[in-house]
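Data block below; observations after.
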Amino acid sequence: MLQEADIGVGISGVEGMQAVMASDFAIAQFCFLERLLLVHGHWCYRRITTMICYFFYKNIAFGFTLFYFEAYASFSGQAAYNDWYMSLFNVFFTSLPVIALGVFEQDVSARFCLQFPLLYQEGLQNILFRWARIFGWMFNGVCSSTIIFFFSTSILKHQAFRHGGQVSGMEVLGATMYTCIVWTVNCQIALAISYFTWIQHLVIWGSIAFWYLFLFVYGSIKPTFSTTAYKVLVEACGPSPMYWFITLLVVISALVPYFTYTAFERRFFPLYHSLIQWARHEGIYEDPVLQTIPVHRNHVGFTARVEAGIEHFKNKIRHSHNGDRVTGLQNDSH
């Protein structure tokens, strides 16, 4: 039974440790099962689904800027970013916030998870990991990349970037777009997080600060190694007000679609955890509306139910065929 289940929970007791050794989770008493399912089960589902959707978002937001640039450069092979920019994107600049989200995120406190057991239905109904939600995050990534690329290129094109009147080059465009991407994807995860600790603040804003530190240190190395990043922050981007204005404008514009959708959803089509968060904020803990949220039919395990129906249908045909054979043998005997 433990091996056939999606997740096996074993209870250690006088019966022995055989079930515990074959299980995924082990508890000492049966009463701990309530907290395991309603609290940690809901938190784990929320963390995993948000983390996976965010992975889709941030990589699409980064990758589509490369595609747009290649189309903009007539597929000439000109690189939009420095090689080390692309290598370190998923290693240093966007990795730690995702880990912090998967470890510390709590959309609702443990007390409210136990007070409103219907929250557990979000996992059973697969509300947070439907295809519509996954494609929504992917579309958000496309929107962010589109805004970042076209806003950056349109503002920098034919504009005096430095005090001497010089226009920006490819190295400035690449550093500016990359800065906007780092800011956007990290601010995006800050909007998606419901439970902030000092660790979340450290990894999110620290990842952004580390980008500037890296650009400064890497740009100080001799140009034979740093190539297009040589002195790009100290001599080109840093002293230019246009660079900081573009960063602020593009980041705010790229976050507007997600912020607008979230505000609209919470106002007109709130999910159950959103209602609990609203009740916690307003101090309304016994609102009868929260107790009468309809529970929809469970759509998880559709394939298993189809296979069970097919097997049941085969058994009916087999039994019907066996019955016909028995009837024929009886008629032959007569």
**Message:** Please determine whether the number of non-hydrogen atoms from other residues, nucleotides or ligands lying under 6.0 Å from atom CZ of Phe67 exceeds 12.
**Reply:** no
**Item:** Ile155 vs Leu249 side-chain heavy atoms within contact, under 4.5 Å
**Value:** yes
**Complete:** By ring-ring contact (aromatic ring centres under 6.0 Å, His included), Phe135 pairs with (sequence neighbours left out) Trp131
**Message:** If the condition is ring-ring contact (aromatic ring centres under 6.0 Å, His included), which residues does Phe245 pass it with, not counting sequence neighbours?
**Reply:** none
**Prompt:** Taking only residues two or more places apart in sequence or in another chain, which ones pass side-chain contact (heavy atoms from CB on, under 4.5 Å) with Leu33?
**Reply:** Val9, Ile27, Phe30, Leu36, Leu37
**Prompt:** Would Asn126 and Tyr45 count as a side chain to side chain contact (heavy atoms under 4.5 Å, CB included) if you check the C-alpha gap in whole Å, the side-chain angles of each, and the deciding distance to 0.1 Å?
**Reply:** CA-CA 9 Å; Asn126 205 24; Tyr45 174 73; 3.1 Å; yes
**Common cluster, Tyr195/Leu114, ILVMFWY with side-chain heavy-atom separation under 4.5 Å** = no
**Fill in**
Rounded to the nearest 0.5 angstrom, the NE2-CH2 distance for His201 and Trp198 is 11.5 Å
**Message:** Measuring from atom CG of Leu101 to atom OG1 of Thr50, what distance do you get when rounded to the nearest 0.5 angstrom?
**Reply:** 6.0 Å
**Which atom of Ser95 lies closest to which atom of Val91, heavy atoms considered** = OG-O, 2.6 Å
**Prompt:** When rounded to the nearest 0.5 angstrom, what is the spacing between CG in Leu233 and CG in Leu213?
**Reply:** 10.0 Å
**Request:** Sort out for me which residue in Tyr178, Trp84, Tyr85 forms a side-chain contact (heavy atoms from CB on, under 4.5 Å) with Leu215.
**Result:** Tyr85
**Cluster check Val256, Phe64: I/L/V/M/F/W/Y, side chain < 4.5 angstrom** = no
**Request:** Spell out, as yes or no, whether a donor-acceptor pair under 3.5 Å connects the side chain of Arg130 to the backbone of Ile127.
**Result:** yes
**Request:** Report the C-alpha separation of Val108 and Arg46 in whole Å, then their side-chain angles, then the decisive distance to 0.1 Å, and conclude whether the side chain to side chain contact (heavy atoms under 4.5 Å, CB included) test is met.
**Result:** CA-CA 10 Å; Val108 179; Arg46 168 79 177 184; over 6 Å; no
**Item:** Same apolar cluster: Tyr81 and Phe92, side chain cutoff 4.5 Å
**Value:** yes
**Request:** Would you indicate whether the side-chain heavy atoms of Ile48 and Ile52 approach each other to under 4.5 Å?
**Result:** yes
**Prompt:** Passes side chain to side chain contact (heavy atoms under 4.5 Å, CB included), Phe196 versus Ile204? Steps please.
**Reply:** CA-CA 11 Å; Phe196 270 99; Ile204 291 174; 4.1 Å; yes
**Prompt:** Quick one: are Gln78 and Phe69 in side-chain contact, heavy atoms under 4.5 Å?
**Reply:** yes
**Request:** Answer whether the closest heavy-atom distance between the side chains of Leu119 and Leu38 falls below 4.5 Å.
**Result:** no
**Asked** What are the two closest heavy atoms between Ala80 and Met177, and how far apart are they?
**Response** CB-CE, 4.5 Å
**Complete:** Residues pairing under side chain to side chain donor-acceptor pair (under 3.5 Å) where one sits in residues 213-222, two or more places apart or in two chains, turn out to be Asn82-Tyr218
**Item:** Check: Tyr54 and Val185 side chains under 4.5 Å, non-hydrogen atoms
**Value:** yes
**Prompt:** Do Thr228 and Met170 have side-chain heavy atoms sitting under 4.5 Å apart?
**Reply:** no
Donor-acceptor pairs under 3.5 Å, side chain of residues 139-152 to any protein atom, not counting sequence neighbours: which ones?
| residue | atom | partner | partner atom | Å |
| --- | --- | --- | --- | --- |
| Asn140 | ND2 | Gln188 | OE1 | 3.2 |
| Ser144 | OG | Tyr57 | OH | 3.1 |
| Ser144 | OG | Asn140 | O | 3.1 |
| Ser145 | OG | Gly141 | O | 3.2 |
| Ser145 | OG | Val142 | O | 2.8 |
| Thr146 | OG1 | Tyr68 | OH | 2.8 |
| Thr146 | OG1 | Val142 | O | 2.7 |
| Ser152 | OG | Ile148 | O | 2.7 |

**Request:** Drop me the distance from Ile246's CD1 to Leu248's CG, to the nearest 0.5 angstrom.
**Result:** 11.0 Å
**Request:** Compare every heavy atom of Ser226 with every heavy atom of Pro223, then report the nearest pair and how far apart it is.
**Result:** CA-OG, 3.6 Å
**Item:** Within 6.0 angstrom of Phe210 CZ, more than 12 heavy atoms from elsewhere
**Value:** yes
**Item:** Phe93: which of Phe62, Tyr212, Trp211 passes ring-ring contact (aromatic ring centres under 6.0 Å, His included)
**Value:** Trp211
**Asked** With side chains defined as the heavy atoms from C-beta onward, is the minimum distance between Asn59 and Asn90 less than 4.5 Å?
**Response** yes
**Prompt:** Do the side chains of Trp183 and Leu202 join up, straight or via other hydrophobic residues, at under 4.5 Å, putting them in one cluster?
**Reply:** yes
**Message:** Has Gln106 got a side-chain atom pairing as donor or acceptor with Ser194's backbone, closer than 3.5 angstrom?
**Reply:** no
**Prompt:** Shortest non-hydrogen contact from Trp244 to Gly238?
**Reply:** NE1-O, 3.0 Å
**Request:** Enter the distance from Leu88:CG to Met86:CE here, rounded to the nearest 0.5 Å.
**Result:** 10.5 Å
**Message:** Using side chain to side chain contact (heavy atoms under 4.5 Å, CB included), reason through Cys237 and Val172 one step at a time and then give a plain yes or no.
**Reply:** CA-CA 7 Å; Cys237 295; Val172 173; 4.2 Å; yes
Please set out all donor-acceptor pairs under 3.5 angstrom arising from side-chain atoms of residues 262-271, sequence neighbours excluded.
| residue | atom | partner | partner atom | Å |
| --- | --- | --- | --- | --- |
| Thr262 | OG1 | Tyr258 | O | 2.8 |
| Glu265 | OE2 | Tyr261 | OH | 3.4 |
| Arg266 | NH1 | Gln277 | OE1 | 3.3 |

**Side-chain donor or acceptor of Glu122 paired with backbone N/O of His273 under 3.5 Å** = yes
**Request:** Please confirm whether the backbone N or O of Ala236 pairs with a side-chain atom of Ser240, one donor and one acceptor, at under 3.5 Å?
**Result:** no
**Request:** Ignoring hydrogens and angles, tell me if any N or O in the side chain of Trp43 forms a donor-acceptor pair with the backbone of Phe104 under 3.5 Å.
**Result:** no
**Asked** If every non-hydrogen atom of Ile193 is compared with every non-hydrogen atom of Glu105, which pair is closest and at what distance?
**Response** CG2-OE1, 3.4 Å
**Request:** Output the distance between atom CG (Leu255) and atom CG (Leu191), rounded to the nearest 0.5 Å.
**Result:** 5.5 Å
**Asked** Which residue, Thr184, Thr94, Asn186, forms the side-chain hydrogen bond (donor to acceptor under 3.5 Å, both in side chains) with Lys58?
**Response** Thr94
**Complete:** Heavy-atom closest pair (Ser207 atom, Val182 atom, distance to 0.1 Å) is O-CG1, 4.5 Å
**Phe56 atom CZ: more than 12 heavy-atom contacts under 6.0 Å** = no
**Message:** If hydrophobic clusters are built from ILVMFWY residues whose side chains come within less than 4.5 Å, do Val250 and Phe259 share one?
**Reply:** no
